[in-house]
Protein chains: 2
Amino acid sequence: MTITVEGTYRQGGDNSVGQISVTVDLVVLTIRQGELCVLLVERGIPPYQGRWALPGGFVHEDEDLLAAAGRELREETGLAAAPGHLEQLRTYGEPGRDPRGRVVSVAHLALLPDLPAPVAGSDAAGASWHRLAAIAGPLAFDHGRILRDGVERARAKLEYTPLATAFCPAEFTIAELRGVYEAVWGTTLDARNFHRKATTTAGFVVSTGQRTQRVGRPAELYRRGDAEVLHPPLLRA
Amino acid sequence: MTITVEGTYRQGGDNSVGQISVTVDLVVLTIRQGELCVLLVERGIPPYQGRWALPGGFVHEDEDLLAAAGRELREETGLAAAPGHLEQLRTYGEPGRDPRGRVVSVAHLALLPDLPAPVAGSDAAGASWHRLAAIAGPLAFDHGRILRDGVERARAKLEYTPLATAFCPAEFTIAELRGVYEAVWGTTLDARNFHRKATTTAGFVVSTGQRTQRVGRPAELYRRGDAEVLHPPLLRA
DNA sequence: AGAATAGTGTCTCTAAGACACTATATA
DNA sequence: TATATAGTGTCTTAGAGACACTATTCT
């Protein structure tokens, strides 16, 4: 079924009906063994058969864009965005981006903790995690560009929001949080300065009173604070 | 004419064709007499007849999204984005946002200098500038929300990019640049500290060697520098 | 005791904010 | 000379980066 808009959108405008296929694509990032990873699916049919692509699919008739992205994430990974973070990234609509016709894709960015439940066993045939540094060939469609934009968005948002916590489990140590920054930015940070910074920036993290039990001195466990923005920001060098 | 995508988008996906109307809407900002202003058009037909709305229209069949936004800007204002700035803002696709049917709008943000050529005389019947602080009723559709998002984007980008120069003519004084910050942020800034900051931040502005001729000591004229990002940023209090 | 990891204290340097002062034009 | 606007210098303070040191666990 196709919905048709009747009448001019506004006076002075033209009447071309602009019916276009709308999809959502997902840049799903997580951190595994200290490395930034992205979820990719292998294309089984043309175009770009055999290439890796971002997960995604068509927006349903009566479905919000963010809801569509959440549904696709669930279908492809078997996991909800609940413990992590999901936001709109950017919309890609260049006429030639899909050889089959005009498709506008509203890309979304998801940040997830490294969940114990693996991706396998979900609906998605070939969804798998790939270390960002080790992606072999070019991705299908313009997904390479979308992936780059998503990674850059994540890198930038770590600076001025507490979003690094989306990569962590509900309770985490300062060292784990620092590991997120190091993996996403591809740098190393001074553990002492980072600790001071993270614990003194208002609303970034709150102590739970609990401690870890591993080798070495036990680390205090923290939960995400209520700040939406970091004041002052945690800038990259 | 309607383009239809044949075949599944990718394996594992569903087959709903997701045909939706795609439009571009524009948040066009400028500064007039020291106040931040937005370009609005009055709706002559239902729905929302008589209400103010953002300019916009349908994306053409073989047209890029940014190009569509540029075209609408030209049609509504008679002016190109060339001297200013145009970027994608965000996409709005809530199912109920247009009572006539499913319409996904890719909103764009345009920042323009206060051009001597007025908006009148252009294609647009009722396009006019409105002081942001003095917009009477609610806007049509979800345009109030889009406008808020656009203004917030502009406010944020002044912090860490040299985008304030998009509101200025090609050559401008430091006092004019400061006026942009004050209008967009709705604050007052210390003229002396701002001068130091603007002239010492690498790549923000470059001197032309020219000077103004008005009352008082002549001010040096500057042009936009080649920096894409301000290091360090110029943060709001 | 020794290894391993967590967390604190201190110093230096950069940059922001407050504000007095100097500079150069017009009326 | 008065007025108006442009631009510089200085002081204080917040915060980032470098890095020595202390703390608390396990083996």
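Labels below follow one simple rule: chain letters A, B, ... track the order of the sequence lines, proteins then strands, and each chain is numbered from 1.
In this structure, the nucleotide among C:dT24, D:dG7, D:dA16 sitting nearest to the side chain of A:Arg196 is D:dA16. Side-chain proximity of A:Val215 to the nucleotides D:dC19, C:dT5, D:dG17 is greatest for C:dT5.
Atom-to-atom, CG of A:Asn193 to C1' of C:dG7 comes out at 12 Å; the value is rounded to the nearest Å. Rounded to whole Å, the distance from CZ on A:Phe194 to P on C:dG7 is 12 Å. The distance between atom CG of A:Leu189 and atom C1' of D:dA16, rounded to the nearest whole Å, is 12 Å. If you measure from atom NE2 of B:His231 to atom C1' of D:dA16, you get 15 Å, rounded to the nearest angstrom. Residue A:Asp190 contributes atom CG, which lies 9 Å from atom P of D:dG17 at whole-angstrom precision. Protein atom CD1 of A:Ile174 is 7 Å distant from nucleotide atom P of C:dG7, rounded to whole Å. Atoms CZ (B:Arg192) and P (C:dG17) sit 13 Å apart, rounded to a whole Å. One interatomic measurement links the two molecules: CZ of B:Arg236 to P of C:dG17, which rounds to 13 Å at whole-angstrom precision.
Between the side chain of B:Arg217 and the base of D:dA6, a donor-acceptor pair under 3.5 Å is found.
Taking the charged nitrogens against the carboxylate oxygens, A:Arg214 and A:Glu176 do have a contact shorter than 4.0 Å, which makes a salt bridge.
Residue A:Lys197 has no polar side-chain atom (N or O) positioned under 4.0 Å from OP1 or OP2 of D:dG15. Side-chain N/O atoms of A:His195 include one lying less than 4.0 angstrom from OP1 or OP2 on C:dT8.
A distance of 6.0 Å or more separates the ring centres of A:Tyr222 and A:Phe172.
Residue B:Gln213 is out of contact with every strand shown, counting any heavy-atom pair closer than 4.0 Å. Using a 4.0 Å heavy-atom distance criterion, A:Ala175 is classed as a sugar-phosphate-only contact.
Remark on DNA chain C: of its neighbouring residues A:Glu220 and B:Leu235, the 5'-side contact belongs to A:Glu220, judged by nearest-heavy-atom nucleotide.
For the side chain to side chain contact (heavy atoms under 4.5 Å, CB included) test with B:Phe167, the passing option among B:Val184, B:Leu177, B:Leu112 is B:Val184; the others fail.
With 3.5 Å as the limit, one finds no donor-acceptor pair spanning the side chains of A:Thr188 and A:Glu182.
A:Arg131 CZ: 12 or fewer foreign heavy atoms inside a 6.0 Å radius.
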